[in-house]
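Just so we're on the same page: letters track the sequence lines, and every chain starts at 1. Nothing here was measured: the structure is a model prediction, and the numbers come from that model.
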Amino acid sequence: MIDELIYSAVAGYGLTSDEIEIEVPKHEGLGDLSTPVAMALAKKLKKAPRQIATELITHFDGVSAFKKVEVAGPGFINFWLNDDFLYSELKRLYDENKGYLRKNQGKGKRVQVEFVSANPTGPLHLGHGRGAALGNALSNLLQAAGYAVEREFYVNDAGKQIFNLGLSVYARYQSILGNDMEFPDDGYRGEYITELAEDIINKEGRTFLNSTFESVKDFFIDYSYKKMLNEIKEDLSAFGVNFDSWQSERELFQLQVVEQTIADLKSRDSLKEDAGALWFKASDFGDEKDRVIIKSDGQYTYFASDISYHHQKLKRGFQELINIWGADHHGYIPRMKAVIKAMGYAPDMLNVLLVQMVSLLRGGKPVSMSKRAGEFVTLKEVVNEIGSDIAKFIFLTRRADSHLSFDLEVVKKSSAENPVFYVQYAYARINSIFNKALQNGWQLQSFGNVNLSLLKLPEELRIIKKLLFYPLLFISAVRLREPHRITFYLQELCGLFHPYYNSVRVLVEEQQLASARLFLCSCIKLVIEECTNILGVSVPEERM
RNA sequence: GCCCCCUUAGCUCAGUAGGAUAGAGCACAGGAUUCCUAAUCCUGGUGCCAGAGGUUCGAAUCCUCUAGGGGGCACCA
């Protein structure tokens with residue numbers, strides 16, 4: 001690999017490869033690759049950066065990969081690659097495929113990615129979809145980088161929200177059957193509550209008409225949340241997002257995990273009693289104040305089971321915990337980190353990625369999304385309307401931590417607003433070239449002695465470099481835990497392919513040249529597949 | 001009041017382990033199809049990187065303050 005050549009040259013200066021930045025310069029006149037490492041070393045060595053750079057480049061004398069190595073600007077080292085080197089690397093890319101494209105940064109490290117984890121008190125909304133798309137892509141990305149990834153959905157099937165759900169359905173049930181009762185203030189009001197109530201009427205009739213909620217609550221609660229959870233599973237599955245495990249909150253109580261965690265914290269002297277409640281001394285571990293675990297009425301807070309959930313995650317042996325949360329939970333991070341610290345683990349084992357709000361427009365007008373009021377756009381509706389590929393791609397063309405707004409009408413109507421088509425179309429075109437080639441009697445074995453040095457056009461060399469530099473991009477996407485970088489790369493790659501397709505014919509008369517170009521197309525196809533697999537977006541085999 | 005995030009072209013957004021002349025798509029205008037898919041391509045220009053200070057060889061990127069937008073500050077979940 002190219003980066004390794006550079007690493008080895010600088011090795012004598014006591015830098016690890018992590019500290020050596022390699023970048024693709026913004027302008028072509030500045031070389032194919034570049035490193036500012038001499039400038040980084042300047043402080044350390046107390047020497048002028050250009051002087052260091054001038055020394056460094058002597059290491060590249062006679063390295064056949066480089067056509068030219070130059071010191072430029074304040075001390076950049078710019079590299080121009082030999083065409084022959086590009087061709088042989090491209091062959092390696094084709095032969096080794098994923099082995100070439102991926103870098104094993106994880107080395108088997110066990111990472112859990114917990115995402116979505118929506119309360120099963122209603123359907124998934126669009127914001128959940130963003131979390132789902134991100135969690136899914138991030139998991140794929142880390143997996144590709146050699147991490148042992150487990151995807152988990154935490155099911156809040158205990159506590160007050162579930163209770164409210166059951167109560168809401170109960171109230172609706174009663175009122176549909178003519179028993180007028182006041183609807184609970186903090187109840188859920190969506191249409192789906194009525195559907196649940198009607199469901200129960202269809203199955204059980206008027207059985208519960210004169211029962212108090214207390215006497216039938218288990219039935220109403222369990223029926224309702226299980227049904228909602230099922231719908232959530234179906235919606236996610238339709239969205240193309242799957243989990244390895246679903247951790248039930250209830251189970252944590254039943255298996256006494258919560259008690260054990262509290263006992264553990266007690267033994268570490270991290271708890272205190274005050275005003276009849278049990279507190280976690282979060283302020284000892286960097287949080288701004290202490291937090292209640294058991295209320296003075298004896299009830300556990302939500303925080304209690306969350307603590308034990310994370311405790312259990314750590315005990316399960318994960319070396320890194322990634323939580324994808326809505327940005328409205330950001331205030332929760334310090335206390336969770338405090339818990340990790342209190343339990344004797346490094347707080348940076350917990351990595352919380354915040355996903356900002358999604359605001360949805362329809363024809364320029366905002367669509368409101370309040371769950372309680374029952375007016376929200378569900379993930380399902382959006383997926384039905386625009387498809388999961390478009391939805392995912394839009395979510396993944398933004399940084400997680402930036403507010404996102406998109407307009408359903410715009411996204412639907414104007415295909416140009418859907419960059420995913422641009423990518424899919426490139427893929428379909430490549431397939432189409434191959435179909436045509438096969439019809440013409442061309443055979444795959446032709447790659448055996450393909451002569452890549454026929455790929456001399458500037459467009460071709462540009463594409464080859466783009467392909468070969470994918471691993472650099474991959475590394476930084478993994479390091480930063482930012483799948484959206486893959487999305488942008490993909491658009492750039494296709495942005496090179498389409499013009500090429502338009503101006504250069506692949507299946508030319510001259511067999512050797514056609515073969516070389518087909519080879520190039522094959523490599524583009526491999527990389528598109530790799531990227532879209534990570535993003536969780538489909539690519540069409542055939543005509544679009 | 002305190003805390004977190006955001007502010008980059010008309011719009012939607014990239015670019016931040018400090019690096020060279022800050023990018024893309026859309027929108028707008030004109031053009032391209034005897035030929036592997038026109039959901040494509042080509043040609044047009046746009047920036048007080050919200051503002052002001054600071055740190056240094058170098059700042060959209062780091063620090064401080066200000067303004068605007070969003071979110072959070074429960075013995076709720």
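One finds a side-chain N or O of A/S402 lying less than 4.0 angstrom from the OP1 or OP2 phosphate oxygen of B/A14. Taking only side-chain nitrogens and oxygens, A/R517 never comes nearer than 4.0 Å to OP1 or OP2 of B/C36. In this structure, A/Y302 does not reach the B/A77 phosphate: none of its side-chain N or O atoms is under 4.0 Å from OP1 or OP2. OP1 or OP2 of B/A77 has not a single side-chain nitrogen or oxygen of A/K160 nearer than 4.0 Å. For B/A74, neither phosphate oxygen OP1 nor OP2 lies less than 4.0 angstrom from any side-chain nitrogen or oxygen of A/R335. Taking 4.0 angstrom as the limit, A/R399 places none of its side-chain polar atoms (N or O) nearer than this to OP1 or OP2 of B/C5. Under 4.0 angstrom from either OP1 or OP2 of B/C73 there lies no side-chain N or O belonging to A/H330. OP1 or OP2 of B/G23 sits under 4.0 Å from a side-chain N or O of A/H27.
The minimum heavy-atom distance linking A/K103 with A/P471 is given by the pair CE-CB, 4.3 Å. The two residues A/A514 and A/V508 make their nearest non-hydrogen contact at CB-O, 3.7 Å. Nearest heavy atom pair, residue A/F253 against residue A/E259, reads O-OE1, 4.1 Å.
Taken from CD in A/E273 to CD1 in A/I294, the straight-line distance is 8.5 Å, to the nearest 0.5 Å.
Residue contacts for A/A327: at a heavy-atom cut-off of 4.0 Å it reaches the sugar-phosphate backbone alone, with no base atom in range. Looking at heavy-atom distances under 4.0 Å, A/H498 makes contact with sugar-phosphate atoms alone, never a base. Among the protein residues, A/S503 comes within range of no part of the nucleic acid, since none of its heavy atoms lies under 4.0 Å from any strand. Among the atoms of the strands shown, only primed sugar atoms or phosphate atoms (P, OP1, OP2) are found under 4.0 Å from some heavy atom of A/Y422. Heavy atoms of A/V352 sit nowhere under 4.0 angstrom from any nucleic acid atom. If you check every strand for non-hydrogen atoms under 4.0 Å, A/Y501 touches a base. At a threshold of 4.0 angstrom between heavy atoms, the contacts of A/A275 include nucleobase atoms, whether or not backbone atoms are also involved. Using a 4.0 Å heavy-atom criterion, one finds that A/L404 contacts the sugar-phosphate atoms exclusively. Note on A/H329: a base of the nucleic acid sits closer than 4.0 angstrom, heavy atoms only.
Closest contact between the side chain of A/Q161 and the listed nucleotides B/A77, B/G70, B/A39 involves B/A77. When the nucleotides B/A77, B/C13, B/A39 are ranked by their closest atom to the side chain of A/Y332, B/A77 comes out on top. Counting only heavy atoms from C-beta on, A/L507 has its side chain closest to B/C36 among B/G70, B/C36, B/G15. The A/F488 side chain lies nearest to B/C13 when the options are B/A20, B/C13, B/C41.
Only the P atoms considered, B/U7 is 13 Å distant from B/U16, to the nearest whole Å. For the P atoms, the distance linking B/G44 with B/U64 amounts to 44 Å, nearest Å. Using atom P as the reference point in both B/U61 and B/G53, the two lie 14 Å apart (nearest Å). When the C1' atom is used for both B/A77 and B/G25, the distance is 40 Å, rounded to whole Å. The gap from the P atom of B/G72 to that of B/A50 amounts to 25 Å, rounded to the nearest Å. B/G23 and B/A60 are spaced 12 Å apart, taking the C1' atom of each and rounding to whole Å. A gap of 41 Å separates the C1' atoms of B/G68 and B/C41, to the nearest Å. Taking the P atom of each, B/C4 and B/G45 are spaced 43 Å apart, rounded to whole Å.
A donor atom on one side chain and an acceptor atom on the other are not found under 3.5 Å apart for A/N78 and A/K68. Side-chain atoms of A/W442 and A/S515 include a donor-acceptor pair closer than 3.5 Å.
Atom-to-atom, CZ of A/F497 to C1' of B/A39 comes out at 14 Å; the value is rounded to the nearest Å. The CH2 atom of A/W279 sits 6 Å away from the C1' atom of B/C75 (whole-angstrom rounding). B/C57 atom P lies 17 Å from atom CZ of A/R50, rounded to whole Å. Taking atom CD1 of A/I394 as the reference point, atom C1' of B/A14 lies 16 Å away to the nearest angstrom. If you measure from atom CG of A/D306 to atom C1' of B/C76, you get 13 Å, rounded to the nearest angstrom. Counting to the nearest Å, the C1' atom of B/C4 and the CE atom of A/M336 are 18 Å from each other. Distance, A/Y489 OH to B/C13 P: 25 Å, rounded to whole Å. Whole-Å rounding puts the A/N502 CG to B/A39 P distance at 11 Å.
Using a 4.0 Å cut-off between charged nitrogen and carboxylate oxygen, A/E28 and A/K465 do not count as a salt-bridge pair. Salt bridge status for A/R250 with A/D222: present, with a side-chain N to carboxylate O gap under 4.0 Å. Between A/K47 and A/E55 there is a salt bridge, since at least one side-chain N of the basic residue sits less than 4.0 Å from a carboxylate O of the acidic one.
The residue from A/F213, A/Y170, A/Y188 that alone fulfils the ring pair (Phe, Tyr, Trp, His ring centres under 6.0 Å) condition with A/F163 is A/F213.
Across residues 287-297 of chain A, A/E288, A/K289, A/V292, A/K295, A/S296 each have a non-hydrogen atom less than 4.0 Å from an atom of RNA chain B (numbered order).
With the nearest nucleotide of RNA chain B identified for both A/R479 and A/A72, A/R479 has the one nearer the 5' end. A residue-by-residue look at A/I433 and A/D401 shows that A/D401 has its nearest nucleotide of RNA chain B further toward the 5' end.
The aromatic rings of A/F488 and A/H484 stand perpendicular to each other, their planes meeting at an angle above 60°, with 30° marking the opposite boundary. Between A/F280 and A/F285, the ring planes are parallel. Angles under 30° get that label, and only those over 60° would be called perpendicular. Ring geometry for A/H329 versus A/Y332: interplanar angle over 60°, hence perpendicular rather than tilted (30 to 60°).
One N or O donor and one acceptor, one from the side chain of A/S34 and one from the base of B/A20, sit under 3.5 Å apart. In this model, a side-chain donor or acceptor of A/N78 finds a partner on the base of B/A20 within 3.5 Å.
Proximity of the aromatic rings of A/W279 and A/F303 is defined here by a centroid distance below 6.0 angstrom, and this criterion is not met.
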Determine which bases of RNA chain B form Watson-Crick or G-U wobble pairs with both distances under 3.5 Å, and write the result as a 5' to 3' dot-bracket string with | for other-strand partners. (((((((..((((.....[...)))).(((((.......))))).....(((((..]....))))))))))))....
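You cannot call A/H403 stacked on the base of B/C6; the centres under 5.5 Å and planes under 30° rule is not satisfied.
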